[in-house]
Each structure stands twice: as structure tokens, then as C-alpha cells.
Amino acid sequence: MKLTVLGGGGFRVPYVYQALLHDQGSPRIDDVWLYDTDTARLKAMAELLAQFADGHADAPRVTVTTSLDDALEGSDFVFAAIRVGGLAGRMCDERVALDLDVLGQETTGPGGLAYGLRTIPVMLDIAHRVRRLAPHAYVINFTNPAGMITEAMQSVLGDRVLGICDTPSGLGRRIATTLGLDPSRAQFDYVGLNHLGWMRRVLHDGEDILPRLLADERLGDLEEGVVFGREWLRDLGVIPNEYLYYYYFNREAVRSILDAPQTRGEFLARQQQEFYQRVTEAAAGSAVSLWRKTIADRSANYMAEAKGAVQGEAQPDEDFRPDPAHQGYAGVALAVMAAISRNERATMILNVRNGTTVSALPRDAVVEVPVTVDANGVHPLTITQPDLHQAGLMQQVKAVERLTISAAVTGSRTDAAKAFSLHPLVDSVTVGRKLLDGYIDRIPEVAAVFGGQKS
């Protein structure tokens, strides 16, 4: 089977390839195509994957290309993880908002809207190409903002597009392991949108263990206990997705990011530039160790502002550690592919079409909920409806997402201005219009959506 990775020179591609190396099922992915517009990164990634493949006689072959159509043609699965505008765009996403004392973050708040505006047209073009060149392929989307992008692509490819994020499943695993329980025997009751959701129950052998954790002092050892504090988690009675920190502690988050010497995007831009340069210059066989060291530093600084840390400073390993055993979203992606291609029925949390799952949202909205995946596709599970606070926030953010999709598709500055102004983390028409003008001024790909004109 053929897997195409869009954004094939990206930093996390080795996670996907390592997952494939250890997959012993049949049929399996044996043909991997890496597509990217950056030839230097593709060359570096090909060298890195070759080192990972060393010693694996049946390693999937790797082909690198800058031809999108060649990469897509005949694919069984398409893994999408691109960054339109690169890290330069991400830095502008952050700084335009921060200059107006608004949250500057990659996917949450106005930065996520700017990211979506310039990414949706590109992803819709890809969706049309997939329909023409690989009509039976499933698209597994990790391109952020994942829920918004998945919803836009579904207008072309329907339910053959699904979005993945490792945050909800990672949260469920951490809850179980914090109590010393086997996470493989746990079932998760989770509801939300991408980067905006709540873990409401964790059933282990039929028992909801979440109340036990909320009453336990070990709650403070949970990463979300560090982010939100035990008192707020106990007040809520659920465990929020960590990105809800930006809603529940918005003023603190903005202040922390403004006080930091650099944003997350600026840290990653410097780190990745150094990494790709060093990989090019590295001695033979040393690329893997260099990548592992860089990914550890990257993971250690993830959401530093929510953990009382400074972006770019070294953090204690015991508090900030990656999850190599489960390989994050790569493990989720492999499970999806195995379930569809081999009918290895699996339950996981994905971004999928709502249908009747959440009654407070439109049927064609994309939500992040537990689903069962098998050879017949993706099937959302029946869930308890969200409470008023959860449903209200989901509705407001979903309305903003849909305005953003409309603006990206039609070039409507009116819809874009409404999206920025109505976002709960902006909450000001004046600031919303300034944000839109700022992104048009500073990001060419956003300006192109509106013909380069301010609102």
C-alpha cells in the first residue's frame, strides 16, 4: 500500500516512519512518498529515514518528490501535515495578535484563524487532486487548525477525510497511568472540538476512575494538574484539554507570552534552522541522535507559558517528556490505517463529521469525539450531551471556524472580520478588524485570499 506524506520534510515525519517500521500486519504500508516544496528538507529527511531503516529488511521504501500529483497518484492513504507560510507565517500569527495584547498562539485564538485563512485554499486544492488521482484514498489530516481544515476538506471528499490529534488520547492514558492502571483497558468519554474539549469519564473495567483521580493528591502530578491547578479541575469535575488553558486563564497566558524573550514560533524557527543545517553537516550515521536530542528539547518547551516556564529554556526531564512509547499522533494514524485496511476494529478519539453526535451543533460540523474505525469507515459513538458551558463555547468557536472557512473560500472580508471579532478570545469588533488588517499586511498568503486589501 502507498502512503503519501504531505509536508514530507517536516520535523515529525520520523515518528510516522518509525511506526510503519514496527507494523507487522498485512497488508501494510510498503511504499512511502514524501512530498514537500523544500528540497533541502526532503534530502535531510530521506537521510534520516534511511538511518532509521537500517537493519530492517522489510522497511518501506521511501520516495521524495516536489511533484504533488506524482505523490498523490494511486495513494491508499494521504497523511497531511503541511504549514502554509512556514514558520515565518507562524511567527506573524503570534506577533500580530500579541501587538494588540491578544493571545498569540498557533491554533487557538486569532493566530489559528490567520493560519486557517491561508491554509484552507491550499488544502481544498489538495482535496480536489486526491479526488482525481486517488479517489479511494483516506486523508488523515494533521494540518492545523485540524478541525477547521478537516471540515473544509470534507466539502470535497466527505467522510474520507478525518482529523487526528494525540492530545485527547494522551490525556486518557495519563489519567490511567497516574493511578497505576493499564490504559489499554480504559474507555474515554470525551467531547469537544479540536484543541477545545473535555474528558468527562474514564472507564476502567467498567468503573469511572475520574472521580478517584480528582480526589487524589496525585492529581497534581498530572500534566493538566500543573497547567490548570487541582482546585480548578475539582471545581469543573472534568479534565479539560490543555489548550483550554488559553480560555480559562487567558489574561495570564497573554501576560506570560508577552513577558517571554521569544514566542513558541520564534523558538522553533531557530531550533529547526539549526537542526537542518547540522543534519546536512553531520557525520554519517549521526542524524538519528541529533533528531532525538532536538525533539526532546522541542517537547520539553511545549506550552511553556502554561507550566510556569520560559520558552526556549531547558526544562527538567521528569516534568516535560515526549511519549515515544505511543508515538503520539503517528500511533493514532497507524491505528486508523490498520483499522481501515485490515479491519482491525479500533476505538479512538478523532475529528469527524458530527451527524447526530452533538445535538447543539450542525450535522456537517466536525467535532472531536470517540469513534469506532473499521473497514467500513469511521463511526462516531453515542455520547452524553455536553453541558451548557461546554456547548456554548463549542457553538461560539464553531461559528467562528465556519466564518473563517467561508472567508477563505469566497474572499469575503466581511466574514473574516466577523470571525476575528466574534472569537471569544478577541471579544472586540475594533480589535478584530485590526487583527485582520495586521495579518493582511504581514502575511502574503493571507493577503492573497482578499486580493491584498484591508477590511
Return yes if some donor-acceptor pair links the side-chain N/O of [X] with the main-chain N/O of [Y] below 3.5 Å, else return no.
X: E266; Y: T263; answer: yes
X: N354; Y: L361; answer: yes
X: Q385; Y: T357; answer: yes
X: T150; Y: G147; answer: no

Legend entry - Set of ring-ring contact (aromatic ring centres under 6.0 Å, His included) partners for Y247, sequence neighbours left out: none

Legend entry - Of all pairs that satisfy ring pair (Phe, Tyr, Trp, His ring centres under 6.0 Å), the ones with a partner from residues 138-160, not counting sequence neighbours: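 Qualifying pairs, neighbours excluded: F142-Y329.
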
Between [Y] and [X], is there a salt bridge with N-O shorter than 4.0 Å?
X: K398; Y: E151; value: yes
X: E73; Y: R132; value: no
X: D387; Y: R200; value: no
X: D23; Y: R342; value: yes
X: D208; Y: R201; value: no

Does atom [atom1] of [X] have more than 12 heavy-atom neighbours from other groups under 6.0 Å away?
X: K2; atom1: NZ; result: yes
X: Q272; atom1: CD; result: yes
X: H136; atom1: NE2; result: no
X: R234; atom1: CZ; result: yes
X: E231; atom1: CD; result: no

Going by atom types only, do [X] and [Y] share a side-chain donor-acceptor pair under 3.5 Å?
X: D182; Y: H204; result: no
X: Y115; Y: Q105; result: no
X: T107; Y: H195; result: yes
X: Y439; Y: E445; result: no

Inset, instruction - Indicate, with yes or no, if the rings of Y15 and W291 have centres closer together than 6.0 Å. - result: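 Yes, ring centres under 6.0 Å apart.
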
Inset, instruction - Taking the six-membered ring for Trp and the full ring for Phe, Tyr or His, determine whether the centres of Y190 and W198 are under 6.0 Å apart. - result: no

Inset, instruction - Assign the ring pair Y245 / F249 to parallel, tilted or perpendicular, where the plane angle (0 to 90°) is split at 30° and 60°. - result: parallel

